[in-house]
Chemist: 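Here's a structure for you.
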Amino acid sequence: MRRVRTPERKPINIYEGTFDLKAKILECSLKDLDASINICDLTSIINKFNDWKRLMPNVEPFYAIKCNDELPVLETLLHLGSGVDCASLKEIEHVLNIGFKPDKILFANPMKNISHIEYAKANNVTDSTVDNEFEIYKIFQHYPESNAVLRFRSDALKAYRSFGKKFGCDAEEDGVALMLVAKALGVNVNGVSFHVGSGCSDLYAYDRAIDTGSNLYKAGIMMKHKMELVDIGGGFPGHNDEMFCEIAEIVNEALKKYMSDVEAKIIAEPGRYFVSAAYTTICRVYSKRELRDKDGELEKIMYYVNDGIYGTFNAIIFEKIKVDTIHFKDENSKTYSSLIFGPTCDAADILCDNIQLPNLKDGDFIAFPNTGAYTVTRSCGFNGFILPKTSYYIRKDMQLL
Ligand SMILES: Cc1ncc(COP(=O)(O)O)c(C=O)c1O
């Protein structure tokens, strides 16, 4: 069994009462830092977990660590009892090192390298998703005693990112045939899974997918596969609690409608839901340019900050998201049309344009909330710019770690 080094432990700062972002920023003494900084309030993750349990008590979360794999985040979720969704050998290695037990790990990547399957086998990670005959055959060859979870395609009409083109069999055309292939090879299919799309805003997509999944699940029972799992994937919003409540209602209702005549453990693979709102990224203005009209009137201000689309703000390109800004100037200050550039030499490195900001000076901070998802794991240091480090906080009465 291979093991990597134990991940480095990070200090966690304790606070009482409500989280005072501005005070935390001032504590960070950013003035001398070249990189931006992330402020992570772990309390937010705990609250999200408790909301999940309250609103969808029958759905067990397996957090998708691709979303944010920082140690305090994973340790918090471990303490809360979450499982994890991993996509590769390295991700499995990372969570085993932190203390997740193999039965709390789902290898949720339908296309797997053989070495990754062998690593899962050596570490007793038994459940993995598949969506085609080649991958079922690979399981037969390299880990026949494991369980295959059949992933089918069921895309939401609207999402930041859909997966149907890349992953998931056609449930009606191929689902039963794939289960028969598995049966013939002696590979047990123990469940079905789907992902409606990351950042899903077509809430009834969950109803449609659970309907389809329940039919496939029941077909598996008829074929005498030992069916036990329905995995409803990810796609839950990161910072829209109202929308999450609506999705939870739709999911609960769909499970009642389509799944109440069979026994199944229901799991999900939420990513951004747990971590998005926990993070705020603090950037420093380190340069600016002013555009003036022919009368010399200030028309627009262009700011250059120390993080951009190759770092924390990659989702502006990948997912076409818009960022929110928080500044710490007087609310009544005069504002100007503003553009914020990231630090690299790429002219497309733009965080936002045509937003209203007061006239900021070199050294002022701009904070960007909801930056916990697909940021630390998807950033690169293009052009030699340093990526942010994270300062962690937790409310005193919520201390888990
Ligand atoms: C297989 C799988 N599960 C779960 C997730 C997490 O999705 P989300 O962050 O939308 O909840 C992803 C995201 O890419 C994924 O690919």
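Values reported hereafter were calculated over all heavy atoms of this structure, with side chains retained and with hydrogens, waters and symmetry mates removed. Read the numbers this way: they start at 1 and go in the same order the structure lists the ligands and their atoms.
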Chemist: Show every donor-acceptor pair shorter than 3.5 Å between a side-chain atom in residues 192-199 and any protein atom, with sequence neighbours excluded, or say none if there are none.
Modeler:
unit_1 : atom_1 : unit_2 : atom_2 : d
His195 : ND1    : Gly197 : N      : 2.9
Ser198 : OG     : Arg272 : NE     : 3.4
Ser198 : OG     : Arg272 : NH2    : 3.0

Chemist: N or O contacts of ligand 1 with protein under 3.5 Å, please list pair by pair.
Modeler:
unit_1   : atom_1 : unit_2 : atom_2 : d
ligand 1 : 3 (N)  : Asp85  : OD2    : 3.0
ligand 1 : 3 (N)  : Glu269 : OE1    : 2.5
ligand 1 : 7 (O)  : His195 : NE2    : 2.9
ligand 1 : 7 (O)  : Tyr374 : OH     : 3.3
ligand 1 : 9 (O)  : Arg272 : N      : 2.9
ligand 1 : 9 (O)  : Tyr374 : OH     : 2.5
ligand 1 : 10 (O) : Ser198 : OG     : 2.6
ligand 1 : 10 (O) : Gly235 : N      : 3.1
ligand 1 : 11 (O) : Gly235 : N      : 2.9
ligand 1 : 11 (O) : Gly271 : N      : 2.9

Chemist: Can you list the residues that meet the side-chain contact (heavy atoms from CB on, under 4.5 Å) rule with Ala108, with sequence neighbours excluded?
Modeler: Asp85, Leu106, Thr129, Glu269
Chemist: Between Arg153 and Asp131, does any side-chain N to carboxylate O distance fall below 4.0 Å?
Modeler: no
Chemist: Arg292: what forms a side-chain contact (heavy atoms from CB on, under 4.5 Å) with it, not counting sequence neighbours?
Modeler: Glu290, Leu298
Chemist: Do Tyr143 and Glu118 have side chains that get closer than 4.5 Å, going by heavy atoms?
Modeler: no
Chemist: Under a 4.0 Å N-O cut-off, is there an ion pair linking Asp231 with Lys265?
Modeler: no
